[in-house]
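A quick write-up on the structure given underneath.
Sequence lines set the chain letters: A, B, ... in the order given, protein chains first and strands last, and positions in each chain run from 1. As a basis for the values below, the full set of heavy atoms in this structure was taken, side chains included, without hydrogen atoms, waters or symmetry mates. Computed from a predicted structure; not experimentally measured.
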Amino acid sequence: MIKNNLYQKVYETVKKIPPGKVVTYGQIAKMLGTRDARRVGHALHANKDPLVPCHRVVDKSGRLAANFAFEGSKEQARRLIKEGVALTDEMHVDLNLYLWKKL
DNA sequence: AAAGTGACGCATT
DNA sequence: TAATGCGCCACTT
């Protein structure tokens with residue numbers, strides 16, 4: 001059930017993230033025409049749909065989610081590595097190399 | 001209806 | 001560098 005268009009837009013945007021890339025919450029918010037990064041994160045936390053690559057979404061520092069909805073940040077990190085995303089830390093991705101920019 | 005809460009972001013302390 | 005405060009606004013109680 002679609003609670004509102006904002007959440008839906010978040011999911012659509014996240015699904016468009018290409019493999020091996022990551023996006024920040026704030027960036028998605030900006031694309032959606034809002035400044036509220038919290039809504040983006042909240043939308044993903046509420047999401048249970050495996051088609052949404054939520055592990056490709058990180059915060060402005062490249063930090064992974066502390067409470068990843070599926071298995072935890074550890075699993076999120078593992079998925080990123082599996083896609084070819086190198087981590088600078090166990091909880092951080094290299095935005096300089098993997099930050100996705102909309103075409 | 002009002003208050004509390006939160007996968008964030010940025011400025012200030 | 002870490003901690004705190006405030007903005008943002010949808011969701012829950």
Side-chain angles (χ1 to χ4, degrees):
Chain A
M1 59 305 257
I2 301 171
K3 305 182 177 215
N4 92 22
N5 207 341
L6 179 57
Y7 272 42
Q8 187 61 53
K9 278 170 41 185
V10 172
Y11 299 143
E12 291 297 297
T13 304
V14 174
K15 285 181 186 171
K16 287 173 184 163
I17 304 173
K21 290 286 186 179
V22 298
V23 180
T24 69
Y25 298 104
Q27 208 169 2
I28 293 175
K30 206 70 192 263
M31 287 182 216
L32 271 42
T34 179
R35 288 120 59 161
D36 196 356
R38 280 195 177 154
R39 251 37 44 217
V40 178
H42 218 177
L44 293 175
H45 192 205
N47 173 55
K48 301 283 185 293
D49 194 335
L51 358 162
V52 180
C54 22
H55 54 279
R56 295 186 192 138
V57 186
V58 296
D59 69 27
K60 204 54 165 96
S61 315
R63 184 165 61 76
L64 277 48
N67 297 298
F68 190 60
F70 294 93
E71 307 290 331
S73 56
K74 205 98 189 232
E75 180 60 20
Q76 182 177 10
R78 216 174 60 74
R79 292 185 183 189
L80 289 169
I81 295 170
K82 212 153 106 178
E83 294 188 354
V85 178
L87 305 184
T88 61
D89 218 314
E90 191 158 314
M91 287 276 284
H92 296 75
V93 301
D94 192 334
L95 294 179
N96 198 42
L97 296 177
Y98 304 110
L99 183 60
W100 177 60
K101 52 254 178 224
K102 195 175 178 212
L103 304 167

Rounded distance in Å - CG (A:Leu6) to P (C:dC8):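 Rounded to whole Å, this separation is 15 Å.
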
Whole-Å gap separating C1' (C:dT12) and NE2 (A:His42):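 That distance rounds to 9 Å.
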
Neighbour count >12 (heavy atoms, 6.0 Å) for atom NZ, A:Lys74: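 No, NZ of A:Lys74 has 12 or fewer neighbouring heavy atoms, counting only those of other groups under 6.0 Å.
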
Electrostatic pair A:Glu83:A:Lys21 at N-O distance under 4.0 angstrom: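 Looking at A:Glu83 and A:Lys21, the cut-off is not met.
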
Salt-bridge present (A:Glu75, A:Arg78; N to O < 4.0 Å):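 Looking at A:Arg78 together with A:Glu75, the answer is yes, because their closest N to O distance falls below 4.0 Å.
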
Selection from B:dA7, C:dC11, B:dG9 that lies nearest to any side-chain heavy atom of A:Leu44: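 In terms of side-chain proximity for A:Leu44, the closest of B:dA7, C:dC11, B:dG9 is B:dA7.
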
When you compare the side chain of [Y] with that of [X], does any pair of heavy atoms fall below 4.5 Å?
| X | Y | answer |
| --- | --- | --- |
| A:Val10 | A:Val52 | no |
| A:Leu99 | A:Thr24 | yes |
| A:Leu64 | A:Leu80 | yes |
| A:Asp49 | A:Tyr11 | no |

Positions of residues 12-36 of chain A (non-hydrogen atom under 4.0 Å from DNA chain C), listed by number: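 Within this stretch, A:Arg35, A:Asp36 sit under 4.0 Å of the strand.
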
Cation-aromatic face contact A:Arg79/A:Phe68, 6.0 Å, 45 degrees: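 Geometry flag: not set, cation outside 6.0 Å or 45°.
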
Residues from residues 57-80 of chain A lying under 4.0 Å of DNA chain B - heavy atoms: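 A:Asp59, A:Lys60, A:Ala65, A:Phe68, A:Ala69 - these, ordered by number, are the residues of the stretch whose heavy atoms sit under 4.0 Å from the strand.
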
